[in-house]
Amino acid sequence: MEQKETDFSRIIREQKSTIYTVCYMFSKDKQEVDDLFQEVLVRLWQGYDSFQGKSDLRTWVYKVSLNTCISIDRKKKRRKTQPIVEGIDLFDKNDADNRQTDLLHQRIQKLQAFDRAIVLLWLENMSYDEIAQIVGISVKNVSVRLYRIKEQLKNG
């Protein structure tokens, strides 16, 4: 059991930024991102024994992370909760780069969860083949969806 925990900890250290990036695409609230991150870790741990290495480790982490965040996002939309704001601004709105990033994030948040997942993978410079494998659609479908998503983002 100790070796399993050591291996899992190493994987999490190596894939931490990947998991955090996925979580951030589904929420901008730091507390919620932390909650999503924790839930992804739980699901990765639960599925660790069944991971057989048939796909790349990074692909598996992306798939579990995306599925977890999409599932929680759907549940959240059904509940319609309002996050508690403590009056602390986590992002400097006066910085031009942050404003651009914030605008892009706002537009991406308007997309359906599945489309957000595809955009995230595309922004991570993954190939269409990798995206197709992670989200479970054909490469052609990835191409078509990305074209439509880009049009949606342009039109705000």
Side-chain angles (χ1 to χ4, degrees), residues 5 8-48 50-51 55-128 130-137 141-142 145-156:
E5 291 172 3
F8 185 76
S9 293
R10 178 187 51 77
I11 289 168
I12 297 308
R13 276 192 309 276
E14 291 171 0
Q15 300 295 323
K16 182 179 179 180
S17 66
T18 297
I19 299 166
Y20 184 77
T21 300
V22 172
C23 294
Y24 181 75
M25 289 299 282
F26 284 86
S27 179
K28 201 169 169 186
D29 177 65
K30 182 173 177 9
Q31 179 65 40
E32 190 174 16
V33 169
D34 290 343
D35 290 345
L36 288 170
F37 187 90
Q38 189 170 16
E39 186 62 32
V40 169
L41 292 182
V42 168
R43 294 200 185 167
L44 285 169
W45 177 255
Q46 290 170 339
Y48 185 66
S50 64
F51 176 68
S55 66
D56 181 59
L57 178 65
R58 183 172 178 232
T59 300
W60 177 69
V61 169
Y62 261 115
K63 193 168 201 157
V64 172
S65 300
L66 285 168
N67 287 340
T68 301
C69 290
I70 288 170
S71 174
I72 290 171
D73 188 63
R74 286 180 182 150
K75 289 176 187 174
K76 179 177 74 174
K77 286 185 178 175
R78 279 186 248 140
R79 281 185 289 159
K80 295 287 186 196
T81 60
Q82 189 69 17
I84 298 174
V85 179
E86 297 178 17
I88 299 172
D89 186 10
L90 300 175
F91 303 96
D92 180 10
K93 304 287 186 207
N94 296 321
D95 182 36
D97 289 337
N98 283 348
R99 282 195 306 271
Q100 288 288 42
T101 302
D102 192 42
L103 178 61
L104 178 60
H105 192 266
Q106 287 173 13
R107 288 183 178 185
I108 290 172
Q109 288 299 316
K110 292 177 184 177
L111 297 172
Q112 296 295 320
F114 191 74
D115 289 343
R116 273 186 272 160
I118 292 171
V119 167
L120 167 67
L121 297 172
W122 179 72
L123 289 172
E124 289 288 314
N125 294 319
M126 290 197 157
S127 71
Y128 285 17
E130 290 173 306
I131 296 170
Q133 184 179 6
I134 291 170
V135 298
I137 60 176
N141 201 341
V142 169
R145 280 184 170 269
L146 274 172
Y147 176 79
R148 290 179 183 160
I149 291 167
K150 289 176 192 176
E151 289 301 309
Q152 253 184 296
L153 292 174
K154 283 181 198 173
N155 298 325

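This structure is a prediction, so every number in the text was calculated from the model and none was measured.
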Quick check for you: to the nearest 0.5 Å, what is the distance between Leu36 atom CG and Ile19 atom CD1? 12.0 Å
Is the backbone of Ser17 close enough, under 3.5 Å, to the side chain of Thr21 for a donor and an acceptor to pair up by distance? yes
Rounded to the nearest 0.5 Å, the CG atom of Leu121 sits from the OG atom of Ser127 at a distance of 10.0 Å
Would you give the length of the straight line joining atom CD of Gln133 to atom NZ of Lys63, rounded to the nearest 0.5 angstrom? 7.0 Å
I'd like to check the side chain to side chain donor-acceptor pair (under 3.5 Å) partners of Thr68; sequence neighbours left out, ordered by chain and number. none
Which atom pair, heavy atoms only, marks the closest approach of Arg107 to Lys154? NH1-O, 3.8 Å
Just checking Gln38: does its CD atom have more than 12 heavy atoms from other residues, nucleotides or ligands closer to it than 6.0 angstrom? no
Roughly how far, to the nearest 0.5 Å, is OH of Tyr128 from CZ of Arg145? 13.5 Å
Contacts of Trp60 meeting ring-ring contact (aromatic ring centres under 6.0 Å, His included) (sequence neighbours excluded), chain-then-number -> Phe51
Within-4.5 Å side-chain heavy-atom neighbours: Leu111 and Ile118: no
Indicate yes or no: at least one non-hydrogen side-chain atom of Glu5 is less than 4.5 angstrom from one of Tyr48. no
Partner set under salt bridge (Lys or Arg N to Asp or Glu O under 4.0 Å) for Arg148, not counting sequence neighbours: none
Please identify each residue that fulfils salt bridge (Lys or Arg N to Asp or Glu O under 4.0 Å) with Arg13, with sequence neighbours left out. none
Any idea which heavy atoms bring Met126 and Ile131 closest together, and the distance? O-CD1, 3.8 Å
Heavy-atom closest pair, residues Ser27 and Val33: O-CG2, 3.3 Å
In terms of heavy-atom contacts, Arg116 and Gln109 come closest through NH1-OE1, 3.4 Å
Just verifying a value: how many Å separate Glu151 CD and Ile149 CD1, rounded to the nearest 0.5 Å? 11.5 Å
How close do Asn67 and Arg43 get, heavy atom to heavy atom, and via which atoms? O-NH1, 4.4 Å
If we ignore hydrogens and angles and just use 3.5 Å, is the side chain of Asp73 paired with the main-chain N or O of Cys69 as donor and acceptor? no
If the condition is salt bridge (Lys or Arg N to Asp or Glu O under 4.0 Å), which residues does Asp35 pass it with, not counting sequence neighbours? none
For Lys150, look at atom NZ and say whether over 12 heavy atoms of other residues, nucleotides or ligands are found less than 6.0 Å away. yes
Find the distance between OG (Ser65) and CG (Leu44) and round it off to the nearest 0.5 Å. 5.5 Å
Taken in chain and number order and not counting sequence neighbours, the residues that satisfy ring-ring contact (aromatic ring centres under 6.0 Å, His included) with Tyr20 are none
Between Glu124 and Tyr62, do the side chains contain an N or O donor and an N or O acceptor separated by less than 3.5 Å? yes
